[in-house]
Protein chains: 2
Amino acid sequence: MQKFKEILKPLLDETYSKELKRGDYLYHMGDDPKGIFYIEEGLVGLFHLSESAKESFLRVFSEGFILGHRSLFAEEPYHASSIALSKTTYKFIPKGLCSSLCKQHPEFLKAVAMTLAKDLRAAELRIAGLASHSAQERIAETLVYLKLKYPQQVWTRKEIAEYSGSTFESVTRLMSKLEEEGAIHKSGRDFEILNMKALLNLKH
Amino acid sequence: MQKFKEILKPLLDETYSKELKRGDYLYHMGDDPKGIFYIEEGLVGLFHLSESAKESFLRVFSEGFILGHRSLFAEEPYHASSIALSKTTYKFIPKGLCSSLCKQHPEFLKAVAMTLAKDLRAAELRIAGLASHSAQERIAETLVYLKLKYPQQVWTRKEIAEYSGSTFESVTRLMSKLEEEGAIHKSGRDFEILNMKALLNLKH
DNA sequence: CGATAGATTGAGAGTTTTCAACCGATGTGG
DNA sequence: CCACATCGGTTGAAAACTCTCAATCTATCG
């Protein structure tokens, strides 16, 4: 899955990197894609904002991954905004370059298709989870997912809520309960997982 | 989007069609993909079954579309089962043929990537909708989506519920209310939409 | 016409959200 | 380096929506 690094290497060496601090936007929901973004360092989140001003946290991108490719390949405007979750450096690959890349390096197109296919599975499993798991189960699963996959990141209760499809108050409440039960340990705004089994065996 | 028909035409003319009746499986969740399926006629649904036996209705496939491609391109087992929703005829394209197709007709790979990209958008908008819309709003949106896009199909309350992330009792209840309000008209097990605006402006 | 799958309606339970008030951490500018 | 502003976190209580369970009814099809 980290194929993008090697495929894009020659291209990326020629362009300069851009820097972002936490909270900066890479692109906005509704904009038309002009190319794709390659993350060299840091973490980026994809967020959808509903008419009722509710945010959903859709995907996380880390070093070595691309973003913006979904809209480009679908030939659609961005359906969500991407925002740096930490200090981030990235490179921009314009649309035209992507096209020639697809022609000259079919393995790039193949890697994009594979990424899309894996992300589609993940998204559809989340749809199923939203319908079949309780809010508490989803929050616990999200704690495990976000913390195990991105341990260095200090996730806010709000981000955890927006990823799990819940509210930050419910996240806080569950985390307090989980700490009492010894499943996690809170330290400042961060936390660590002490008993993963317990987290994944919550019933409600 | 209906590109598959023309791209696959020469290939498909050489193979024989298979028939399915409502309820038959094309493939089962967990199986390894051995190729992709091209729908010549009919309707197929993709369903995920959770540990707690709750079904989620993930995607619909109609004439001219392919299925099974997500798992093949992700190199993963099927994450859901595909089931005929009506009398269906399809053709099977084995894995090996797909590979050579990708090499010789890059537009096929491109069409697959585009389909995956569009489906990923749809799935992520559903995630956002599950978090930000009430069950009633989601059910109403599902009535509009399923009935306008596939008007010939008689959708069961259960299917509508599994698509909207709700229960069939809630679907029944809302449909009764919507009929009272004149937004839909129920006839037998089928229904028709009388006032789409009203359906999409539900608040709860 | 009978069997079966699907639909309806009611009542009650329960999780989760919402609203509100308050607390604690973090970071910046004077 | 302190003060203060701001952002993030905690906890409580009440409201509300949806689900669950149950009983009954109605289409549809062989």
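Chain naming here is simple, since letters A, B, ... match the order of the sequence lines and numbering starts at 1 in each. Fair warning: this is a prediction, and the values are worked out from it, not measured in the lab.
Between A:Asp190 atom CG and C:dT26 atom C1' there is a gap of 14 Å when expressed in whole angstrom units. Here C:dG27 presents its P atom at 11 Å from CZ of A:Arg22, a figure rounded to the nearest Å. Counting to the nearest Å, the P atom of C:dG6 and the NZ atom of B:Lys186 are 17 Å from each other. In this entry the distance linking CG of B:Leu174 with P of C:dA7 reads 15 Å, nearest Å. For the pair B:Leu85 CG and C:dA5 C1', the interatomic distance rounds to 16 Å; values are reported in whole Å. The NE2 atom of A:His133 sits 16 Å away from the C1' atom of C:dT15 (whole-angstrom rounding). Atoms CD (B:Glu137) and P (C:dT17) sit 15 Å apart, rounded to a whole Å. Going from atom CZ of B:Arg138 over to atom P of D:dC19 covers 7 Å, rounded to whole Å.
Partners of A:Asp32 by side-chain hydrogen bond (donor to acceptor under 3.5 Å, both in side chains), not counting sequence neighbours: none found. Residues meeting the salt bridge (charged side-chain N to carboxylate O under 4.0 Å, His left out) test with A:Glu169, sequence neighbours left out: none. Annotation: salt bridge (charged side-chain N to carboxylate O under 4.0 Å, His left out) contacts of A:Glu55 (sequence neighbours excluded): A:Lys158. Scored by the side-chain hydrogen bond (donor to acceptor under 3.5 Å, both in side chains) test, A:Ser187 finds no partners at all (sequence neighbours excluded). By the side-chain hydrogen bond (donor to acceptor under 3.5 Å, both in side chains) test, B:Glu19 pairs with no residue at all, sequence neighbours left out. Not counting sequence neighbours, A:Tyr150 has no partner by the ring pair (Phe, Tyr, Trp, His ring centres under 6.0 Å) test. Under the rule for a side-chain hydrogen bond (donor to acceptor under 3.5 Å, both in side chains), the partners of B:Thr167 that lie at least two apart in sequence or sit in another chain are B:Ser170.
Taking side-chain N and O atoms only, A:Gln136 has a distance below 4.0 Å to OP1 or OP2 of C:dT16.
Near DNA chain D, meaning a heavy atom under 4.0 Å away, the residues from residues 150-163 of chain A are A:Thr156, A:Arg157. For the segment residues 166-173 of chain B, the set of residues with a heavy atom within less than 4.0 Å of an atom of DNA chain C comprises B:Phe168, B:Glu169, B:Thr172, B:Arg173, in numerical order.
Under a cutoff of 6.0 Å and an axis angle of 45°, B:Arg70 and B:Tyr78 do not form a cation-pi pair.
If one axis is set at each end of the helix from C:dC1-D:dG30 to C:dG30-D:dC1 from five pairs, those axes are 50° apart, to 10°.
Side-chain N/O atoms of B:Lys186 and B:Ser176 include a donor and acceptor closer than 3.5 Å. Side-chain contact of B:Glu51 with A:His133: a donor-acceptor pair under 3.5 Å is present, judged by distance alone.
The ring pair (Phe, Tyr, Trp, His ring centres under 6.0 Å) test with B:Phe57 is passed by exactly one of B:Tyr163, B:Tyr145, B:Phe168: B:Tyr163.
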Can you give each donor-acceptor pair under 3.5 Å made by side-chain atoms of residues 35-44 of chain B, sequence neighbours left out, with the distance rounded to 0.1 Å?
from	atom 1	to	atom 2	distance (Å)
B:Glu40	OE1	B:Ser17	OG	2.6
B:Glu40	OE2	B:Lys91	NZ	3.3

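Relative orientation of the B:Phe61 and B:His69 rings is perpendicular, given thresholds of 30° and 60° on the angle between their planes.
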Where do N or O atoms of nucleotides 22-25 of chain C meet protein N or O atoms at under 3.5 Å, pair by pair?
from	atom 1	to	atom 2	distance (Å)
C:dG24	N2	A:Arg189	NH2	3.0

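The shortest side-chain heavy-atom distance between A:Pro33 and A:Tyr27 does not fall under the 4.5 Å cut-off.
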